[in-house]
Every structure is written in structure tokens, then in C-alpha cells.
Amino acid sequence: MNPSCAGGDHAGVLLERTAVRWLAELVGFPHRPGAGLLTSGASMATVVALATARHQAFRDQGHDVRETGLYGHRPLALYVSAEAHSCLRKAAELLGLGSRYLRTVPVDAAFRMDIGELRRLIAADRRAGVRPFFVAASAGTVNTGAVDPLDDIAALAREHGLWFHIDGAYGTLGILADDAAPRYAGLERADSLALDPHKWLGVPVDAGCVLFREPGGPRAAFSLVPPYLRDEDAGELGWFSEYGTEQTRPFRALRVWATIAHLGRDGIVRLVQQTTRLARTLAELIEASDDFELLAPAVTSIAAFRHRPPTLDPDHAEA
Ligand SMILES: Cc1ncc(COP(=O)(O)O)c(C=O)c1O
């Protein structure tokens with residue numbers, strides 16, 4: 001019950017491969033063996049994704065950032081919405097990219113990234129000699145559950161050669177709710193997706209996950225196998241520790257695997273449909289009430305509102 005899941009040929013590692021594949025299949029993200037791992041949460045999933053994108057951005061220019069670091073290189077710009085989670089900024093700072101180059105894209109009235117503004121910021125950076133390289137969309141923002149226009153962002157990312165990341169820590173599972181699903185169109189086009197089984201799925205903490213379109217990316221960014229760890233029998237995929245920051249890794253897969261095995265796909269769909277419906281019902285009650293104000297459309301399982309009784313209205317006080 002207490003193995004290290006750095007790698008090796010044992011149940012912990014095999015269950016992690018299964019749990020990661022199940023998560024990808026559940027949300028319709030393309031999965032190739034090795035293209036994902038469990039993490040402590042979305043914050044660490046974001047570090048792994050951003051480090052991989054950073055490594056690839058330099059490699060595309062003929063540089064190995066693992067060798068040279070960021071010294072002497074042109075700054076790279078990242079784009080996140082004004083509603084993005086703070087873990088993106090933390091990861092950018094940690095990886096030496098500098099929060100100065102983290103562009104905050106304004107949002108529309110429904111708290112979704114404004115695609116026109118994104119386009120404008122990318123163009124401004126190009127003119128200023130800063131290299132755009134990474135855009136992170138949110139699929140379920142932490143404040144209101146807003147889902148950014150993923151398809152449009154994917155298209156823009158492709159047009160400009162940007163890495164397309166999705167922070168679906170909380171909200172990826174919303175894709176399983178019939179009426180919310182269309183908002184997730186384009187999710188399958190991401191280069192990386194962070195999602196937290198320890199959020200909507202209800203897996204005990206800690207259980208985060210990062211999925212990649214290509215397994216080679218994270219391995220190129222992280223693999224470092226010293227002689228004492230060399231394993232001739234590691235197989236084609238190598239060890240999980242070659243794909244992320246951790247060497248000794250806990251057996252997170254058991255709780256993820258057990259939760260999915262227990263609920264099954266149907267049970268998870270029911271959970272998501274039911275909680276999404278509850279949020280819609282709450283939003284309707286709020287809209288019908290004089291005392292409360294709905295602050296954003298209820299898209300996922302979040303209904304954001306405030307108490308605003310008419311007696312607090314300045315006009316009411318004057319009358
Ligand atoms: C949208 C979103 N992204 C990232 C995170 C960070 O996740 P974690 O706390 O698992 O690192 C959260 C946590 O609330 C979140 O809601």
C-alpha cells in the first residue's frame with residue numbers, strides 16, 4: 001500500500017497508467033500511452049505543462065533551455081484571461097518567464113476570454129519583439145465556472161504557433177453534462193489539459209492530473225535518469241518520474257482508480273448532470289428573487305450571486 005510510483009513494474013504504476021487513460025477517455029481528450037501523469041493538484045500540473053511548453057518553444061528555435069536557461073533569450077509572452085487561476089502566474093514566475101510577460105486578456109460579460117483582445121495582445125507583442133508562445137484557456141473558472149471559447153482559442157493558437165493549454169482543474173467534467181457540453185468544443189485540440197480529480201469528481205486530496213497531446217514533450221522537458229536509477233527494463237515509456245518534477249511519487253492512482261471504478265462512467269455523468277442542474281435551479285431562484293443578484297450565467301456547477309436587497313439600493317434610501 002505504500003509503494004513509490006516513480007516507476008517500475010508494479011500495481012501502483014499500472015493503475016496510474018489506467019487512471020490517466022480513464023480520465024482522458026472520460027472527457028474525450030485524445031490519449032497516447034505515456035501522455036499524462038497524476039500530480040499533487042492542478043498547480044503542479046500547470047508547472048509540468050508550462051515547463052514542457054517552454055522547453056518546446058526553445059527547441060523550435062534550436063535552443064535547449066535545460067542547458068542554457070533563459071539567459072540571453074528573447075522574452076516569451078503567455079496569455080491568460082483576467083479570470084484565470086493564480087497557479088498560472090505562479091508557474092510562470094517559478095519557471096523564470098516573469099509575470100511581466102504574463103498578459104491578462106480581458107473577459108466578456110459572461111467572464112469568458114475576449115478573443116479579439118487576445119488577438120490584439122498577440123499582435124502588440126510581436127510588434128514589440130516579444131515572442132508569444134503559450135495561451136491558457138479556462139474550462140471552468142474558479143470564480144464563476146465560465147468556460148472560455150476553446151475552439152476559437154485553439155484556432156488562434158494554431159495560427160500563431162502557440163502552445164494551447166487548458167486549465168480544466170475544476171470544470172473539465174462539465175463536458176459530460178448534455179447542455180454544457182457544446183461549450184467545451186475544442187477541448188480535444190489542446191496541447192495540454194490540467195484537471196483535478198480531487199475537485200468535481202470528489203477524489204480525496206491529493207489527486208491532480210495533466211494530460212498531453214504528445215507524450216514526448218514532458219519526457220524531453222523532465223527526463224533525467226542518474227546511473228543509480230537506470231533501469232534497463234523500464235520499457236518504451238520509461239518511468240513516470242521522467243515526465244514531471246517528482247522522483248519518489250505517492251500511490252495517488254488508487255483513489256482515482258477506485259472512485260472511477262466505483263461510480264462508472266454512468267455514475268460520473270449522473271453526478272455531473274445533477275450538480276449542473278442544481279446550479280441552474282439555484283440560478284433561476286436567484287433571478288426570481290428581489291433580494292439576490294445573479295453575477296454570472298450558471299454554466300457548470302457554480303452559481304455566483306450576491307445578496308442585494310432593494311433596501312440597500314441608494315434610490316430606495318432616498319425615497
Ligand atoms: C480553475 C482552477 N485552476 C487551478 C486550481 C489549483 O488547483 P490545485 O489547488 O489542485 O493546485 C484551482 C483550485 O481551486 C482551480 O479552481
Side-chain angles (χ1 to χ4, degrees), residues 16 19-20 23 27 29 36-53 78-95 97 99 102 104-105 107 110-113 134-150 153 163-177 180 183-184 186-187 190-212 218 243-246 249-250 252-253 255-256 259 271-272 275-276 279 295-304:
E16 182 159 348
V20 168
L23 287 168
V27 301
F29 192 76
L37 72 163
L38 299 181
T39 60
S40 57
S43 299
M44 193 44 78
T46 305
V47 169
V48 174
L50 188 55
T52 302
L78 314 74
Y79 307 85
V80 303
S81 94
E83 290 289 306
H85 191 272
S86 51
C87 68
L88 281 148
R89 174 170 166 184
K90 216 185 234 188
E93 291 175 355
L94 184 67
L95 291 166
L97 295 161
S99 51
L102 184 81
T104 305
V105 186
V107 291
F111 300 97
R112 309 168 78 212
M113 186 186 281
F134 181 97
V135 57
S138 300
T141 60
V142 66
N143 288 330
T144 69
V147 179
D148 286 331
L150 306 180
I153 296 171
W163 182 281
F164 175 33
H165 174 75
I166 298 179
D167 178 1
Y170 145 65
T172 307
L173 287 190
I175 198 169
L176 299 174
R183 294 182 186 266
Y184 289 80
L187 179 121
D191 294 297
S192 54
L193 169 68
L195 73 158
D196 266 351
H198 69 203
K199 291 197 165 71
W200 209 342
L201 192 55
V203 172
V205 169
D206 64 1
C209 179
V210 58
L211 301 172
F212 289 92
Y243 293 74
T245 54
E246 295 170 305
R249 304 174 70 251
R252 298 186 176 103
R255 45 190 177 270
V256 179
T259 303
L271 166 80
V272 173
T275 42
T276 307
L295 298 177
V299 175
T300 54
S301 61
I302 294 177

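When a ligand or atom number is given, it counts from 1 through the structure's own listing order. Keep in mind that what you see is a predicted model, and the values were worked out from it rather than measured.
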Looking only at side-chain N and O atoms, does Tyr170 offer a donor or acceptor that is under 3.5 Å from a partner on Ser301?
yes
So is Gly140 close enough to ligand 1, meaning a heavy atom under 4.0 angstrom away?
yes
List every atom of ligand 1 that sits less than 4.0 Å from any heavy atom of Gly41, numbering the atoms from 1 in the order shown and giving each element.
10 (O), 11 (O)
What is the closest protein heavy atom to atom 15 (C) of ligand 1, and at what distance does it sit?
His85 CD2, 3.4 Å
Distance, nearest 0.5 Å, that separates OG1 of Thr172 from CG of Leu187:
6.0 Å
Could you tell me how the ring of Phe134 sits relative to the ring of His165: parallel (under 30°), tilted (30 to 60°) or perpendicular (over 60°)?
parallel
For the residue pair Val107 and Arg112, establish whether any side-chain heavy-atom pair is separated by less than 4.5 Å.
no
Taking atom 11 (O) of ligand 1 as the reference point, the nearest protein heavy atom with its distance
Ser43 OG, 2.6 Å
Can you tell me which residue and heavy atom of the protein come closest to atom 7 (O) of ligand 1, and the distance to 0.1 Å?
Lys199 NZ, 3.0 Å
Could you establish whether Gly208 and ligand 1 come within less than 4.0 Å of each other, counting only heavy atoms on the residue side?
no
Which atoms from ligand 1 have a heavy atom of Val142 less than 4.0 Å away?
16 (O)
Salt bridge Glu16-Arg249, side-chain N to carboxylate O under 4.0 Å:
yes
In terms of atom number and element, which parts of ligand 1 are under 4.0 angstrom from non-hydrogen atoms of Cys87?
4 (C)
Minimum non-hydrogen distance to atom 10 (O) of ligand 1, winning option of Asp196, Val47, Leu195:
Asp196
Could you tell me the residue and atom name of the protein heavy atom closest to atom 1 (C) of ligand 1, and the distance to it rounded to 0.1 Å?
Asp167 OD2, 3.5 Å
Would you check if Tyr79 and Leu102 make a side-chain contact, meaning some heavy-atom pair closer than 4.5 Å?
no
Are Arg255 and Asp206 within salt-bridge range, i.e. N to O under 4.0 Å?
yes
Would you say His198 touches ligand 1, if touching means a heavy atom closer than 4.0 Å?
yes
Do the side-chain N and O atoms of Thr141 and Thr144 include a donor-acceptor pair separated by under 3.5 angstrom?
yes
